[in-house]
Number of protein chains: 2
Amino acid sequence: MTARRPESEPCTDAAAARPAERTRDADRTRAEILAVATAEFADRGYAGARVNEIAEKLSTTKRMIYYYFGGKEQLYVAVLEQAYGRIRALEQQVDVEHLEPVAAIRELAGLTFDHHEAHPEFIRLVSIENIHRAAHLAGSPALAGLADPAVDVLGAILRRGRDDELFRDDVDALDVHQVISAFCVFRTANRHTFRAIFDRDMLDPATRAHQRKLLGDLVVAHLTAR
Amino acid sequence: MTARRPESEPCTDAAAARPAERTRDADRTRAEILAVATAEFADRGYAGARVNEIAEKLSTTKRMIYYYFGGKEQLYVAVLEQAYGRIRALEQQVDVEHLEPVAAIRELAGLTFDHHEAHPEFIRLVSIENIHRAAHLAGSPALAGLADPAVDVLGAILRRGRDDELFRDDVDALDVHQVISAFCVFRTANRHTFRAIFDRDMLDPATRAHQRKLLGDLVVAHLTAR
DNA sequence: TCGGTAACTCACCACTTGGTACATAAGAGG
DNA sequence: CCTCTTATGTACCAAGTGGTGAGTTACCGA
């Protein structure tokens, strides 16, 4: 909100703002609360996270959480909004227009794969939000209906693949996205129960390349079948 | 845990256990607590579920929860154990030996699909358990390492398919199981965020047949590729 | 019929929870 | 230099939290 970075005045305290000088800075305090809260909510879920614990891990006090966010629930929504915002920003950088359809699909699936693997705390927040039936997500005007840009990219690739008669012409882009998401999300979201039962760590670096290829093979096989 | 089903003695109370006669019955009380607790934990997560709430929805009192289970955490573990036990029992009834490989794979995938769709509260418990990094599952001797029988069935089908030169010979059974699970679990586990963002209800009955076929196509295409 | 024990009830508690009233200090601006 | 707003810290609370002490009743076996 209050966007004022300490870049305006190059006087002494502004430059010395990076060590442990306890100057007043609303943006820094807000950001710190969000960072700690994100870790805490992702780690323990909404109900499991404790405002007091978040406060203890802060260089400021609990009072500030209520000052800036109003309450536990609003803080959680702010965490969700920030997390989704960052992920969307990353996703919009995907560029596979220059590749031929099969390579483009493999690349898109691979990037999604990398992406999910690199942001486990985001996947956890999504799982947690699903436990709550997406009540907060649906209630946030900043988030509801904000479709993933990856689907548009996917649609364009499928069209090109169809035009080149490489892909089937009866495959829906959102279906393909669902398959890719399912595979990528599952690896992180169900990592622990899967390991406990099958003794396979789906995130083991040793099998990463294999899993990444598996996803590509799967999608390409489906698109090029028959 | 304590596996004592009322099958041992066919005396009066075992048969008369159905109306609202407030007789004393340890098994019935235990079962009721487990049923209510299952619903409550699946609905709100471990931390979000309240022992007091569970007690209020019981025809007995909170004290009985502690009498039979010892505490909230042990109750949760008992809920997990019962839920996994029931799912495993169902899965062991799968019989696709008589089908030819491609049909068998389609059938197995389809049954898994049906299965997950029919037990959303189980999927929720699994999600919740993953949030806790499967700490309870791993700590339960009754559950840890108790591999899904579906994987063995899958392995047998793959072997037959390879022998008939219908399937590729470099596909791992657990990989295929992972793909099937991912697809089926995702539909339920991420239903709400997916709907909020893409406006698609993955569990909409109108698209059920399409989704079921999609999974079969996907797996078969992968196994028969090239 | 008559214990003895398993099943059950009720009132209660120590502690944690999210949340807040109130005092205060740091700066920006005049 | 003063003042007024914004940011921050301290102390505290009422409602709920998981958990229990201690007594009471139903029922089975002898």
Side-chain angles (χ1 to χ4, degrees), chain A residues 1-9 11-14 16-17 20-34 36-37 40-41 44-79 136, chain B residues 2 4 6 8-17 20-34 36-37 40-41 44-79 136:
Chain A
M1 305 298 151
T2 48
R4 66 181 137 105
R5 291 271 82 202
E7 300 301 283
S8 51
E9 292 185 83
C11 50
T12 52
D13 57 12
E21 298 248 304
R22 291 280 184 76
T23 60
R24 292 192 165 194
D25 188 333
D27 284 336
R28 174 165 37 87
T29 303
R30 245 189 97 94
E32 193 202 355
I33 295 173
L34 269 180
V36 172
E40 210 59 16
F41 280 125
R44 320 207 183 190
Y46 176 74
R50 297 288 127 100
V51 176
N52 287 333
E53 286 256 329
I54 294 171
E56 271 171 32
K57 298 187 176 181
L58 249 29
S59 65
T60 178
T61 65
K62 179 169 62 158
R63 189 66 188 77
M64 288 299 94
I65 294 173
Y66 291 91
Y67 181 70
Y68 284 110
F69 297 94
K72 184 183 184 181
E73 192 164 353
Q74 289 126 292
L75 173 60
Y76 173 74
V77 172
V79 163
H136 312 93
Chain B
T2 47
R4 60 183 143 107
S8 50
E9 293 184 83
C11 51
T12 49
D13 57 15
E21 300 247 303
R22 289 283 186 77
T23 60
R24 293 187 165 200
D25 186 334
D27 284 338
R28 172 162 41 84
T29 303
R30 245 188 97 93
E32 193 201 356
I33 294 173
L34 270 181
V36 172
E40 211 56 19
F41 281 125
R44 319 206 184 192
Y46 176 74
R50 298 289 126 103
V51 177
N52 286 332
E53 286 255 327
I54 293 171
E56 273 171 32
K57 298 187 175 181
L58 248 30
S59 64
T60 177
T61 64
K62 180 170 62 158
R63 194 70 185 75
M64 287 299 94
I65 294 174
Y66 291 91
Y67 181 69
Y68 283 110
F69 297 95
K72 183 183 184 179
E73 191 163 354
Q74 289 125 294
L75 173 60
Y76 173 74
V77 171
V79 163
H136 312 93

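Just so we're on the same page: letters track the sequence lines, and every chain starts at 1.
Residue A:Thr29 places at least one side-chain N or O closer than 4.0 Å to OP1 or OP2 of D:dT8. The phosphate of D:dG19 has OP1 or OP2 within less than 4.0 Å of a side-chain N or O from B:Tyr66. The side chain of B:Tyr68 places an N or O atom within less than 4.0 Å of a non-bridging phosphate oxygen (OP1 or OP2) of C:dC8.
Here C:dA25 presents its P atom at 20 Å from CG of A:Asp25, a figure rounded to the nearest Å. In this structure, A:Tyr67 places its OH atom 17 Å from P of D:dT10, rounding to the nearest Å. C:dT20 atom P lies 13 Å from atom CD1 of A:Ile65, rounded to whole Å. As rounded to whole Å, 16 Å separates atom P of D:dT24 from atom CE of B:Met64. The CD-C1' distance, from A:Glu56 to C:dG18, rounds to 14 Å in whole Å.
With distances taken from any side-chain atom of A:Thr61 to the nucleotides C:dT9, D:dG9, D:dA7, the minimum falls on D:dG9. Closest to the side chain of B:Thr60, from the set D:dT6, D:dG9, C:dT9, is C:dT9.
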*Base-contact (B) and sugar-phosphate-only (S) positions in nucleotides 11-17 of chain C, heavy-atom cut-off under 4.0 Å, - elsewhere*: ------B

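Using a distance-only test at 3.5 Å, with no hydrogens or angles considered, a donor-acceptor pair links the side chain of B:Glu32 to the main chain of B:Ser59.
Between A:Phe41 and A:Tyr46, the ring planes lie parallel to each other; the angle is under 30°, not in the 30° to 60° tilted range.
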